[in-house]
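Reviewing the structure listed below.
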Amino acid sequence: MKKNSTGRRAPPDSISQSSSPEKVGWIRKFCGKGFFREIWKTRFLILRGDQLLISQKEVRDPSRAEEVLDLSDYDGCEEVRKNKSRSKKNHSRFRLQRCSSPGNTVPNLVFLAVSPEEKESWINVLNAAISRAKNRILDEVTVEESQLCHLTRDRVKIPHNRRLPTRGHLLAVASTSSSDGMLTLDLVQENPAPTQGLDRCDGFQEDPDKSLPGCSPVSPSSKTDSLLSARTAGPSGKSQSLPREKIGSTHSPDPGSRLSEAEKNRCASTDEILTQPETRTATKKGGAAPPPGAPEPVSRLQELIGQKLERTERLLMEVRQDGGWGGRGGQESAEELRAEAEGLLKEAAAAWSQARDVLQEIKELRVLYQQLDPPSPQTPLNSANSNRMSLM
Amino acid sequence: MNDQQLDCALDLMRRLPPQQIEKNLSDLIDLVPSLCEDLLSSVDQPLKIARDKVVGKDYLLCDYNRDGDSYRSPWSNKYEPPIEDGAMPSARLRKLEVEANNAFDQYRDLYFEGGVSSVYLWDLDHGFAGVILIKKAGDGSKKIKGCWDSIHVVEVQEKSSGRTAHYKLTSTVMLWLQTTKTGSGTMNLGGSLTRQMEKDETVGESSSHIANIGRLVEERSDSGRQAAEGRSEERLSGGTQAQTTVAPSAAARDAFSLFFCFFLLS
């Protein structure tokens with residue numbers, strides 16, 4: 001659907017009728033009432049495209065038809081039934097109903113088909129053709145070339161001696177226009193005081209903290225990994241714009257806060273995804289998961305472990321019972337069953353010992369978290385970090 | 001292939017909601033980084049205002065005064081944030097630029113009674129080119145918020161005789177309108193109109209380049225304003241659109257034309 005060279009309309013009817021006709025056949029056409037009878041004449045119908053062609057002979061060349069009707073002048077086609085007729089003859093009459101729009105001079109046409117089936121067929125085909133003809137106007141598309149060309153393309157441009165903007169800058173620009181359609185008018189670029197630069201760096205560090213939810217302590221290693229990677233990803237993602245800005249030391253808190261806001265927004269969405277509630281703002285240090293968050297997952301794990309223990313106990317019970325029953329069945333089957341039972345027992349024992357180990361780990365971690373609780377100097381934190389990393 | 005890509009990109013930009021031009025543009029550049037330069041120079045973005053602390057005046061930001069992430073102020077002729085080797089106009093052209101800025105400052109004051117304007121020029125082989133930016137925000141009074149951005153890019157080809165020059169002007173007018181009234185509801189209208197014209201003019205004492213350009217801009221602005229008015233009305237009444245990309249969200253047909261007129265006259 002590309003640009004046309006000139007304003008072009010849909011092809012006129014005479015050309016479009018080059019397709020093969022949809023239906024042809026003999027039919028009887030109602031041509032008026034005489035004194036004593038109705039006058040019906042035999043005619044040959046050709047339905048092609050949006051036109052109905054009527055002729056007296058079976059003509060191959062549709063252009064030699066005697067009557068040519070444009071189907072868009074008609075509303076529809078329906079059968080004609082005589083209500084009072086008690087005759088057992090099958091009714092094969094149908095009428096082509098004209099449009100009642102002013103200026104329409106075509107008459108209603110009534111036809112008598114060869115059989116009821118033919119009548120149905122004609123009715124369906126004519127109705128389809130009429131709706132197609134009526135929709136033809138909507139399918140016309142007029143496009144002028146001049147409307148589609150981009151005037152700004154051949155505008156004079158600045159010669160190639162400028163640097164392209166960094167991606168961070170484009171994103172910053174994009175984020176300064178509000179979504180309600182009203183533009184934020186100011187992209188303020190001022191020279192900030194050095195302290196403000198520090199604020200920005202701090203804002204930076206906060207973001208990775210916020211981006212890491214208080215995830216389950218069972219996977220502390222993955223958490224610290226992601227913490228580290230987030231920290232490194234952050235600065236490197238902005239490495240291009242950061243040095244630039246630092247050279248001039250000229251970025252105000254506004255775009256800075258906007259940038260970190262954009263960052264925060266992204267971090268907030270990862271928060272949502274991981275559905276972790278934000279407890280309190282993390283400190284600027286190691287960024288450990290806040291302790292109040294820890295007991296929750298711990299209790300959940302304990303529940304799960306309890307459930308597993310129950311299940312293994314149940315299995316053991318079943319095995320014992322089965323063993324008892326199987327004993328009555330016979331020696332061979334008893335041996336099989338015993339082997340099965342042994343296998344099940346081993347599995348159960350393994351699962352139980354695993355669960356016990358996990359519980360032990362959790363208890364240790366809980367102790368560590370409780371150590372973190374009072375806001376103490378960095379050493380417990382660092383030891384916590386190192387502990388966690390050793391648990392890997 | 002690149003040509004076709006650029007065409008498609010520009011087609012897209014014309015059809016996406018104009019309220020998100022910057023975001024759409026940055027997303028497009030993400031998609032096709034090789035088209036970054038072409039896109040930045042062919043897609044008109046809403047103008048942003050910055051403050052020149054040295055001189056204490058506002059100036060407008062666009063792609064034409066940008067180098068890297070910094071923008072050049074027409075008052076102090078310095079980049080902010082400062083960079084080394086920023087693209088600069090030649091000394092002779094800078095002189096013309098200063099005059100142009102002053103001239104269009106007055107033009108803006110007379111026609112818009114407020115707002116911010118900036119002119120940036122750059123050298124070409126046989127002449128020069130420039131962009132004239134004007135931004136005017138509505139009073140923001142009560143429930144009507146509006147903003148007008150006009151971007152006139154002019155290319156001046158000086159004939160060898162030096163007494164005539166060929167001017168080619170491409171003007172883009174962007175209009176943003178937002179109303180919230182109980183009678184008409186909320187309406188958020190935004191769009192832009194671009195037109196081109198070319199003319200040969202004599203250059204001399206009485207008709208300097210600036211005067212010629214000013215006359216062209218004046219001619220263009222007025223018909224631009226009328227066209228914008230007409231197009232917006234047409235659009236709301238369901239008419240066809242010619243060279244416009246106006247994308248209304250909620251229609252407030254009866255109130256709109258009234259607001260529009262008041263806004264422009266204010």
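Small disclaimer: the values here were computed from a predicted structure and weren't measured. By convention in this document, chain letters (A, B, ...) are assigned in the order of the sequence lines, proteins followed by strands, and residues within each chain are numbered from 1.
Between B:Tyr64 and B:Trp122, the distance from one ring center to the other falls under 6.0 angstrom.
We find the OG1-CE distance between A:Thr152 and B:Met13 to be 10.0 Å, quoted to the nearest 0.5 Å. Interatomic distance, B:His166 NE2 to B:Glu158 CD, rounded to the nearest 0.5 Å: 13.0 Å.
Proximity to chain A involves both the backbone and the side chain of B:Asp63, based on heavy atoms less than 4.5 angstrom apart. Contact of B:Leu40 with chain A is made through the side chain alone, with heavy-atom distances under 4.5 Å. In this structure, chain A has a heavy atom under 4.5 Å from the side chain of B:Leu124, while its backbone stays farther away. Contact of B:Ile29 with chain A is made through the side chain alone, with heavy-atom distances under 4.5 Å. Of the atoms belonging to B:Asp27, not a single heavy atom falls under 4.5 Å from chain A. Looking at B:Val154, the atoms closer than 4.5 Å to chain A (heavy atoms on both sides) all sit in the backbone: N, CA, C or O.
Most heavy-atom pairs under 4.5 Å with chain A, from the set B:Ser26, B:Ser41, B:Cys36, B:Ala87: that is B:Ser41. Between chain A and the residues B:Arg66, B:Glu37, B:Gln196, the most heavy-atom pairs under 4.5 angstrom are made by B:Arg66. The candidate from B:Lys168, B:Gln45, B:Glu155 with the greatest count of non-hydrogen atom pairs under 4.5 Å with chain A is B:Glu155. For the set B:Asn24, B:Leu169, B:Val116, B:Asp30, the count of heavy-atom pairs under 4.5 angstrom toward chain A peaks at B:Asp30.
Cation-pi geometry between B:Lys136 and B:Trp148 is not met at under 6.0 angstrom from the ring centre and within 45 degrees of the axis.
Ring-plane geometry between A:His169 and B:Tyr71 is classed as tilted, the angle between the planes lying from 30 to 60 degrees on a 0 to 90 degree scale.
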B:Lys135 and B:Asp149: salt bridge (Lys or Arg N to Asp or Glu O under 4.0 Å), yes or no, with the steps? CA-CA 5 Å; B:Lys135 187 174 189 84; B:Asp149 285 339; 2.9 Å; yes
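Between B:Glu97 and B:Arg72 there is a salt bridge, since at least one side-chain N of the basic residue sits less than 4.0 Å from a carboxylate O of the acidic one.
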